[in-house]
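Only this structure's heavy atoms are used, side chains among them; waters, hydrogens and symmetry mates stay out. Quick caveat: nothing in here was measured; it's all calculated off a predicted structure.
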Amino acid sequence: MGLFLGLLPGCFLETPAADETAKATGDCDVPADPERLADQVLQLVNLERADADLPPVVRNPLLDKIAEDYACRMIADDFFDHLDPVTGYGPGDRAIAGKYSFFAIGENLAAGQETPGEVMKVWMESPSHRAIILDEKWTELGLSVRLGGQYDIYWVQEFGAPAN
């Protein structure tokens, strides 16, 4: 079944200095077709949102990069949490460091699920993850799936409501 964590949206007031930006310190592997996997997760997210009469979210390249970097951080430093134990950064800090200007940010993490269907199933069965996916404020989504670490596969969703 794997692991999963969700973080409800919130405001983050601390702004990290540019030279403190979290970066992957080791290698993480890219699955055979990462864009196909991410697009499948996006389609499943938007199906759930449509069932709840919510507008779809669209992929954002900055959020994709933030998700990718964080998946690699978790693999490289052997942890699974919303708070990076090395930098102390949470999702809002990572968004700021990644130059994503936001009104709100939300994050879902999962590890060990082998397919987009499996990861969406565990997220939707969890009240906190479901609440993030079905929050009406989101308009953008960043996605990453990376291989390595103790759970073999890591999934990261970064939901955004841009500041503009």
Which pair of heavy atoms, one from Y151 and one from A111, lies closest together, and at what distance?
CB-CB, 3.6 Å
Which heavy atom of V119 sits nearest a heavy atom of A110, and at what distance?
CG2-CB, 3.3 Å
Does [X] use its side chain to pair, donor to acceptor, with the backbone of [Y] at less than 3.5 Å?
{"X": "W138", "Y": "I132", "result": "yes"}
{"X": "D77", "Y": "F79", "result": "no"}
{"X": "D64", "Y": "L143", "result": "yes"}
{"X": "R49", "Y": "P55", "result": "yes"}

Flag the pair [X] / [Y] as yes when at least one side-chain heavy-atom distance between them is below 4.5 Å, and no otherwise.
{"X": "P34", "Y": "R146", "result": "yes"}
{"X": "I133", "Y": "F159", "result": "yes"}
{"X": "F102", "Y": "I96", "result": "yes"}
{"X": "W123", "Y": "Q157", "result": "yes"}
{"X": "D152", "Y": "E114", "result": "no"}
{"X": "V86", "Y": "R73", "result": "yes"}
{"X": "F80", "Y": "L109", "result": "yes"}
{"X": "P91", "Y": "R94", "result": "yes"}

If the threshold is 4.0 Å, N to carboxylate O, is there a salt bridge linking K65 and D69?
yes
Quick check for you: to the nearest 0.5 Å, what is the distance between [X] atom [atom1] and [Y] atom [atom2]?
{"X": "Y154", "Y": "S144", "atom1": "OH", "atom2": "OG", "result": "12.5 Å"}
{"X": "L54", "Y": "D135", "atom1": "CG", "atom2": "CG", "result": "8.5 Å"}
{"X": "L63", "Y": "I105", "atom1": "CG", "atom2": "CD1", "result": "5.0 Å"}
{"X": "N60", "Y": "T139", "atom1": "CG", "atom2": "OG1", "result": "8.5 Å"}
{"X": "E158", "Y": "L141", "atom1": "CD", "atom2": "CG", "result": "9.0 Å"}

Please report, to 0.1 Å, the donor-acceptor pairs under 3.5 Å made by any side chain of residues 40-48, with sequence neighbours excluded.
from: N46; atom 1: OD1; to: V57; atom 2: N; distance (Å): 2.8
from: N46; atom 1: ND2; to: V57; atom 2: O; distance (Å): 3.0

I'd like to check the side-chain hydrogen bond (donor to acceptor under 3.5 Å, both in side chains) partners of E35; sequence neighbours left out, ordered by chain and number.
R59
Atom CD of E136: over 12 foreign heavy atoms under 6.0 Å
no
Does one side chain, of E107 or Y70, offer a donor that lies under 3.5 Å from an acceptor on the other?
no
Single-linkage hydrophobic cluster V156~L83, side-chain heavy atoms < 4.5 angstrom:
no
For M74 and D81: C-alpha separation, side-chain torsions, deciding distance, then whether side chain to side chain contact (heavy atoms under 4.5 Å, CB included) applies.
CA-CA 8 Å; M74 289 190 291; D81 200 323; over 6 Å; no
